[in-house]
Amino acid sequence: MGISGLLKLAQVPRGSFYHWFASKDALGVAVIENCFTCYLRDIDEVVAQQTSGADRLFKYWQLFYEMQSYENCLGKCLVVKLGAEVADLSEPMRLTLLDGTDSVLDRVECMIRDGIDDGSLTAVGEPRDTARTLYESWVGASVLAKIARAPRPLDLAMQMTRERLR
C-alpha cells in the first residue's frame with residue numbers, strides 16, 4: 001500500500017486532498033499520526049489497568065495477537081501493513097512511523113518496568129532493550145502470519161515472550 005492506498009484508507013476523494021494538505025506526504029503523515037493516536041489510546045487503556053505489570057503486558061500482547069490474527073484480513077497494525085514500503089518512499093512518513101513505534105515502545109517499557117517493580121517479572125534484562133526485542137519479534141511474526149495465513153508465527157512470538165519474561 002503506497003500513497004494511493006493511504007488516500008483510499010482515509011477516504012479522500014481523488015484530487016481533493018491538495019485543498020487540505022500541501023502534498024501526498026503531508027496527507028500520509030496525517031493518516032499515520034491519526035492511526036497511532038488511536039492505537040496508543042488503546043494501549044494506554046491497558047497500561048492504566050490496576051493489575052500487575054506482567055498481567056498488563058501479556059494483555060497487550062494478547063490484543064496484538066488478536067489484532068494480527070490471520071483471520072482478520074484487515075490487520076490493523078499500521079507498521080505491519082506499511083512500514084517497509086513507506087520507509088522507502090517518504091522520509092516524513094518514515095519519521096512519523098518511527099515516532100509512533102517509539103511511543104509504543106515507551107508503553108511496553110513502562111509495563112516491563114512496572115512488572116519488575118511489582119515482582120511479577122524477573123530477569124528481563126534492560127527494559128528498553130527487552131521492549132524493543134519483543135516488539136520487533138511481534139512485528140516480524142505478524143508479517144509472517146499474514147504471508148502464511150496461519151497463526152503459527154504469532155504463537156511462537158507469544159511462546160518466546162512468555163519464556164523471555166518468565
Side-chain angles (χ1 to χ4, degrees), residues 1-2 5-6 8-9 28 31-89 93-166:
M1 177 185 302
L6 282 173
K8 287 179 186 173
L9 177 68
V31 169
I32 293 167
E33 286 174 343
N34 184 62
C35 289
F36 270 110
T37 297
C38 295
Y39 185 64
L40 293 170
R41 185 175 39 235
D42 291 344
I43 297 173
D44 287 342
E45 288 178 17
V46 174
V47 172
Q49 292 177 356
Q50 298 299 311
T51 59
S52 72
D55 287 344
R56 285 181 279 144
L57 191 58
F58 282 103
K59 170 128 179 146
Y60 168 71
W61 294 124
Q62 185 60 43
L63 292 171
F64 193 110
Y65 182 102
E66 291 166 8
M67 183 175 58
Q68 290 306 120
S69 170
Y70 74 97
E71 295 164 352
N72 178 1
C73 63
L74 297 177
K76 297 178 184 108
C77 183
L78 185 70
V79 175
V80 170
K81 289 282 198 184
L82 297 177
E85 185 172 348
V86 167
D88 289 340
L89 294 177
M93 286 189 276
R94 183 191 72 77
L95 292 172
T96 303
L97 279 168
L98 182 60
D99 288 344
T101 57
D102 282 346
S103 294
V104 172
L105 289 173
D106 291 344
R107 284 144 173 93
V108 173
E109 178 185 5
C110 175
M111 289 183 281
I112 291 171
R113 286 188 187 283
D114 288 349
I116 292 168
D117 291 346
D118 68 25
S120 62
L121 295 175
T122 58
V124 298
E126 176 59 37
R128 185 62 170 205
D129 293 341
T130 301
R132 182 175 303 284
T133 300
L134 292 174
Y135 184 71
E136 290 170 355
S137 297
W138 277 89
V139 169
S142 297
V143 171
L144 293 172
K146 297 279 183 219
I147 292 169
R149 294 198 187 262
R152 182 80 176 138
L154 294 169
D155 293 338
L156 291 172
M158 185 65 84
Q159 178 183 340
M160 181 271 307
T161 300
R162 289 188 188 286
E163 290 170 1
R164 176 87 188 252
L165 298 177
R166 294 186 184 76

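Just so it is clear, the values below take in all heavy atoms, side chains as well, and ignore hydrogens, waters and symmetry mates.
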> Examine distances only and state if a side-chain atom of Gln68 and a backbone atom of Glu66 form a donor-acceptor pair shorter than 3.5 Å.
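No: the side chain of Gln68 does not pair with the backbone of Glu66.
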> Could you pull out all residues at least two apart from Thr37 that satisfy side-chain contact (heavy atoms from CB on, under 4.5 Å)?
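Applying side-chain contact (heavy atoms from CB on, under 4.5 Å) to Thr37 gives Arg41.
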> Taking the side chain as every heavy atom from C-beta outward, state whether Leu154 and Trp61 have any pair of such atoms under 4.5 Å apart.
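Leu154 does not reach Trp61 side chain to side chain.
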> Between Thr130 and Leu165, is there a side-chain heavy-atom distance shorter than 4.5 Å?
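Contact flag for Leu165/Thr130 side chains = yes.
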> Kindly write out the residues that satisfy side chain to side chain donor-acceptor pair (under 3.5 Å) with Gln159, not counting sequence neighbours, or none if the list is empty.
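Residues passing side chain to side chain donor-acceptor pair (under 3.5 Å) with Gln159: Glu163.
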> What side-chain hydrogen bond (donor to acceptor under 3.5 Å, both in side chains) pairs are there with at least one residue in residues 94-103, not counting sequence neighbours?
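Sorted result for residues 94-103: Glu91-Arg94.
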> With sequence neighbours excluded, what pairs up with Pro127 under the side-chain contact (heavy atoms from CB on, under 4.5 Å) test?
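Pro127: side-chain contact (heavy atoms from CB on, under 4.5 Å) contacts with Glu109, Ile112, Arg113, Ile116.
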> Could you tell me which residues satisfy side chain to side chain donor-acceptor pair (under 3.5 Å) with Asp44, sequence neighbours excluded, listed by chain and number?
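Only Arg107 meet the side chain to side chain donor-acceptor pair (under 3.5 Å) criterion with Asp44.
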> Which heavy atom of Phe36 sits nearest to which heavy atom of Gly100, and what is that distance?
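Taking Phe36 first and Gly100 second, the nearest heavy atoms are CE2-C, 3.4 Å.
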> State which residues pass side chain to side chain donor-acceptor pair (under 3.5 Å) with Thr161; sequence neighbours excluded, sorted by chain then number.
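Per chain and number, Thr161 pairs via side chain to side chain donor-acceptor pair (under 3.5 Å) with Trp138.
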> What I'd like to find out is whether the side chain of Leu134 reaches to under 4.5 Å of the side chain of Met160, using heavy atoms alone.
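Leu134 vs Met160: side chains touch.
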> Looking at CZ of Arg128 and OG1 of Thr133, how far apart are the two atoms once the value is rounded to the nearest 0.5 Å?
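Taking CZ in Arg128 and OG1 in Thr133, the distance rounds to 11.5 Å.
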> Can you name the residues that form a side-chain contact (heavy atoms from CB on, under 4.5 Å) with Val46, not counting sequence neighbours?
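For Val46 the side-chain contact (heavy atoms from CB on, under 4.5 Å) partners, ignoring immediate neighbours, are Arg56, Lys59, Tyr60, Leu63, Met111.
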> Work out which heavy atom in Pro153 is nearest to a heavy atom in Ala150; give both atom names and the distance.
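Minimum heavy-atom contact is CD-O, 3.4 Å.
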> So Cys110 and Asp114, do their side chains get closer than 4.5 Å, heavy atoms only?
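Yes, close enough: below the 4.5 Å cut-off.
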> Is the shortest side-chain heavy-atom distance between Glu45 and Gln49 below 4.5 Å?
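Counting from C-beta outward, Glu45 and Gln49 never come under 4.5 Å.
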> List the residues meeting side chain to side chain donor-acceptor pair (under 3.5 Å) with Asp129, not counting sequence neighbours, and say none if there are none.
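Partners of Asp129 by the side chain to side chain donor-acceptor pair (under 3.5 Å) criterion come out as none, since no residue qualifies.
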> Residues two or more places apart in sequence or in another chain: which of them pass salt bridge (charged side-chain N to carboxylate O under 4.0 Å, His left out) with Asp155?
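In terms of salt bridge (charged side-chain N to carboxylate O under 4.0 Å, His left out), with neighbours along the sequence ignored, Asp155 is linked to no residue.
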> Out of curiosity, Leu156 CG to Met158 CE, how far, rounded to the nearest 0.5 Å?
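Spacing of CG (Leu156) from CE (Met158) equals 11.5 Å.
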> Can you tell me how far the CZ atom of Phe64 sits from the CD1 atom of Ile43, to the nearest 0.5 Å?
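If we round to the nearest 0.5 Å, Phe64:CZ and Ile43:CD1 are 9.0 Å apart.
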> side-chain contact (heavy atoms from CB on, under 4.5 Å) with Ser120: which residues, sequence neighbours excluded?
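Residues passing side-chain contact (heavy atoms from CB on, under 4.5 Å) with Ser120: Ser52, Ala54, Asp118.
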